[in-house]
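Just follow the structure's listing: the first ligand is 1, and inside any ligand the first atom is 1. One is the number of the first residue; the rest follow in order along the sequence.
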Amino acid sequence: MQIIPPAIPMDIELECGDCGYVQPFSIPTPVCPKCGQDWMEARYNYERISRLWPDILRQRPFTMWRYRELLPIRNDNYQITMGEGGTALLRANNLGMMLGTPNLFIKDERQNPTNSFKDRQAALVISMMKEAGVTELVVASTGNVAISYSAYSTHAGIKLWTFLPSLVPPEKMREIAIYGSEVIKVTANYDETKKVAQQFAVHKGIMVDKGIRNVGTRESMKTIAYEVAEQLAIQLGPPQPGFPWRAPDWYIQAVSGGMGPIGFWKGFDELYRMGLVDRIPKLALIQADGCAPMVNAFHKNHAEAEIVSNPKTRVITIATGAPGPAYTYLYHIMREQGGIFEAVPDEETFRALHILAKIEGLSIEPAAAVAFAGLFKLLNKGIIKRNEVIIVNCSGHTFPVEKFLLDDDWLKVVPAGPIETSVQPSPEPAPPPSSEDILGALDQLDARVRRIAIIEDNPEAARLLRRILQTHGEFQIVEAHTGKEGLELIRSTVPDVVLLDLMMPDMDGFAVIDALKQDARLKDLPVIVITAKELTAKDKHRLQGQIQILLQKGSFMDEDLLQGITALLGKDEEESL
Ligand SMILES: *Cc1c(COP(=O)(O)O)cnc(C)c1O
Ligand SMILES: [Zn+2]
């Protein structure tokens with residue numbers, strides 16, 4: 001991997017987060033000699049860096065180390081890198097169409113070496129450990145930090161002891177073990193596990209990872225902010241002359257220890273000080289409602305987290321019941337600058353996980369899905385506006401979760417040959433499967449298939465509807481892009497359900513409905529109207545009794561549509577009995 005030396009001599013100071021005392025930077029970072037606190041903020045020579053960066057950055061590859069001048073290691077010989085950072089900023093077109101959010105972006109942190117954004121932290125913290133001469137390290141984790149630290153410590157030749165609460169899925173524990181780390185499962189929650197790890201480290205005289213109190217942890221997460229600001233400027237253009245980079249309106253993340261949002265916020269605070277962006281985005285931080293110490297405290301306007309000693313969520317990765325000073329830090333930022341904490345139930349998280357996979361093609365882990373469930377909720381509440389520029393941190397996917405999500409019938413088996421009935425071993429090789437057998441089996445799969453007509457003039461919207469239906473797997477879909485064509489299509493194919501747009505050029509949806517009502521064969525066809533049009537009282541009157549379901553574009557989820565269709569088909573079935 002390429003090492004990027006700093007172009008500017010490093011010039012870092014440590015400022016005490018408590019009393020403001022400033023001392024020169026050193027590794028490992030000392031406690032404050034004045035007040036004894038150990039929360040230090042790294043400060044750099046922003047004025048100098050902002051002058052030199054534009055030219056320097058042009059020549060550097062897109063990894064987190066391109067921002068080398070704002071990262072606190074002194075000697076690049078100790079840099080441990082495995083290609084972390086520089087992840088894609090994906091424009092979520094499909095999801096955006098479904099939600100009515102044209103400026104929705106996904107920062108795809110699954111693309112890091114161990115598939116979560118913890119790799120940014122591991123790269124910087126392990127580099128700093130290496131520089132400090134550390135050879136053995138203890139870490140407590142809900143899974144992903146341990147996986148990431150294991151990979152990077154192995155790379156650095158550091159021995160790692162990992163302490164994990166017993167609810168961490170065995171797949172994650174095996175992933176940690178394969179790197180050669182010690183895996184200690186503690187039959188307790190995460191906060192107790194941290195204490196056990198601490199005691200062990202003191203007893204053995206081994207360095208223990210300080211988590212959020214570690215300067216490197218927060219500094220590493222800043223790089224998400226820098227990358228997003230550069231990527232948005234390219235994808236959306238700079239907001240106004242004089243500001244080369246661009247801030248989103250919102251940053252959404254599933255939160256437990258809080259290092260991601262604290263780092264992200266600090267990154268934007270620095271970019272703002274350097275005159276690279278015109279403002280600092282608001283944070284929307286989401287927790288599982290069964291372990292929401294930050295959300296509960298924030299809604300009561302308390303600056304101290306409300307400790308949860310018995311987390312009740314399946315999303316173990318973010319089940320931190322006692323987030324400590326991270327919450328207080330975020331509380332002050334968000335009271336001053338806006339932003340919101342929100343909680344979501346696990347079932348909405350798993351639903352969001354499934355939506356991301358089938359609508360955007362992104363398979364994500366539950367912790368990352370929490371952020372998307374939060375997005376859906378905050379849009380519905382009107383707290384995040386649909387036209388705002390929104391970044392969701394797709395924080396990871398480190399193990400398969402499908403077993404929670406799919407019913408037993410997700411797999412269809414087609415026999416490839418005749419079923420063996422004889423118990424005698426046959427001397428002849430079995431004849432190859434005839435294509436008729438296979439077609440016969442496929443026909444059977446097709447027998448209960450219902451036909452759905454999509455009449456929609458926006459091809460993108462039609463494509464999305466088709467996708468939603470196809471992932472359900474049992475529909476035959478016919479499609480037309482004008483009202484006239486649509487009417488002909490309905491007449492020739494007689495579908496089981498019609499999905500109809502209202503605003504179409506040649507013949508609008510109202511006219512299509514009128515024509516159907518005049519045709520004895522088609523007058524009872526169930527019609528679902530999907531429209532972007534704000535309906536007037538007169539429109540509503542015209543549709544009254546003529547259609548079965550009305551869905552407003554940009555405010556329905558795929559499941560609303562599927563449930564509607566299933567209900568209409570079921571009703572149809574009863575009537576035809
Ligand atoms: C660690 C983690 C989080 C929460 O991160 P914090 O910013 O420390 O609260 C969210 N998602 C995934 C996948 C994680 O690994
Ligand atoms: Zn101090």
Side-chain angles (χ1 to χ4, degrees), residues 14-23 29-41 87 107-112 114-122 125 139-149 168-169 172 175 190 209 211-214 217-218 220-222 224-225 251-267 283-288 291-295 305 313 315-327 329-330 341 349 352-353 356 362-374 392-399 401:
L14 292 175
E15 182 185 316
C16 173
D18 236 44
C19 74
Y21 180 80
V22 176
Q23 57 183 323
T29 51
V31 297
C32 175
K34 232 178 123 192
C35 74
Q37 274 299 338
D38 66 349
W39 185 293
M40 294 292 153
E41 297 286 353
T87 57
K107 183 65 171 159
D108 191 5
E109 291 292 301
R110 301 173 313 159
Q111 296 179 20
N112 282 297
T114 76
N115 309 107
S116 86
F117 74 143
K118 299 299 196 303
D119 289 334
R120 294 177 190 267
Q121 178 188 351
V125 169
V139 68
S141 164
T142 54
N144 289 354
V145 163
I147 291 174
S148 190
Y149 273 41
V168 171
K172 289 208 185 205
E175 171 83 11
Y190 176 48
D209 182 65
I212 189 85
R213 290 177 184 276
N214 196 327
T217 298
R218 286 169 275 130
S220 68
M221 292 300 183
K222 297 189 312 192
I224 302 174
Y251 171 75
I252 308 182
Q253 197 204 292
V255 68
S256 73
M259 29 218 161
I262 289 179
F264 186 86
W265 181 85
K266 188 177 181 211
L283 305 175
L285 305 180
I286 321 295
Q287 299 197 295
C291 185
M294 298 193 184
V295 183
T313 171
V315 193
I316 302 304
T317 301
I318 56 163
T320 299
Y327 168 71
Y329 191 101
L330 288 166
F341 281 97
T349 293
L353 187 157
L356 260 287
L362 303 178
S363 180
I364 65 181
E365 72 172 89
V370 164
F372 289 94
V392 185
N393 185 333
C394 182
S395 44
H397 186 197
T398 57
F399 79 117
V401 290

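When each of Thr87, Thr114, Asn112 is tested with Asp119 by the rule side-chain hydrogen bond (donor to acceptor under 3.5 Å, both in side chains), just one qualifies, namely Thr114.
Of all the heavy atoms of Thr142, none lies under 4.0 Å from any atom of ligand 1, so neither backbone nor side chain is involved. The part of Thr317 lying near ligand 1 is the side chain, judged by heavy-atom distances below 4.0 Å. Counting heavy atoms closer than 4.0 Å to ligand 1, residue Val255 contributes atoms from both its backbone and its side chain.
In summary, the atoms of ligand 1 found under 4.0 Å from a heavy atom of Ile318, numbered by their order in the structure, are 3 (C), 4 (C), 10 (C). Taking a cut-off of under 4.0 Å to the non-hydrogen atoms of Asn144, the atoms of ligand 1 that pass are 13 (C), 14 (C), 15 (O). Per-residue contacts place Ala367 under 4.0 angstrom from the following atoms of ligand 1 (heavy atoms of the residue considered): 11 (N), 12 (C), 13 (C). Every atom of ligand 1 with a heavy atom of Pro261 under 4.0 Å away is listed here by number and element: 7 (O).
Ser141 places a side-chain N or O within 3.5 Å of a backbone atom of Ala146 that can act as its donor or acceptor partner. No donor-acceptor distance shorter than 3.5 angstrom exists from the side chain of Thr320 to the backbone of Ala322, with no hydrogens or angles considered.
Protein heavy atom in closest approach to atom 11 (N) of ligand 1: Ser395 OG, 2.7 Å. Here the protein heavy atom with the shortest distance to atom 14 (C) of ligand 1 is Lys118 NZ, 2.8 Å. Atom 9 (O) of ligand 1 has Ser256 N, 2.6 Å as its closest protein atom, hydrogens excluded (heavy atom only). With hydrogens left out, the protein atom closest to atom 6 (P) of ligand 1 is Gly258 N, 3.4 Å, a heavy atom.
Side-chain contact annotation: Glu109 with Ser395, donor-acceptor N/O pair under 3.5 Å absent. A donor-acceptor contact closer than 3.5 angstrom links the side chains of Tyr251 and Gln253. For the 3.5 Å distance criterion, the side chains of Glu365 and Asn144 qualify, holding a donor opposite an acceptor.
Side-chain contact check for Gln23 versus Met40: some heavy-atom pair is nearer than 4.5 Å. Residues Cys16 and Cys35 meet the side-chain proximity criterion, which asks for heavy atoms closer than 4.5 Å.
The SG atom of Cys19 and the SG atom of Cys32 meet at the Zn ion (ligand 2) at an angle of about 110°, given to 10°.
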Show your reasoning for whether salt bridge (Lys or Arg N to Asp or Glu O under 4.0 Å) applies to Arg218 and Glu41. CA-CA 9 Å; Arg218 286 169 275 130; Glu41 297 286 353; 3.7 Å; yes
In sequence, state the C-alpha distance, the side-chain angles, and the governing distance for Gln111 and Phe117, and then conclude on side-chain contact (heavy atoms from CB on, under 4.5 Å). CA-CA 8 Å; Gln111 296 179 20; Phe117 74 143; over 6 Å; no
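Taking a 4.0 Å cut-off on heavy atoms, Gln253 registers as neighbouring ligand 1.
One option in Gly260, Ala254, Gly143 has a heavy atom closer to atom 10 (C) of ligand 1 than any other, and that option is Ala254. Closest heavy-atom approach to atom 8 (O) of ligand 1 within the set Gln287, Met259, Gln121: this belongs to Met259.
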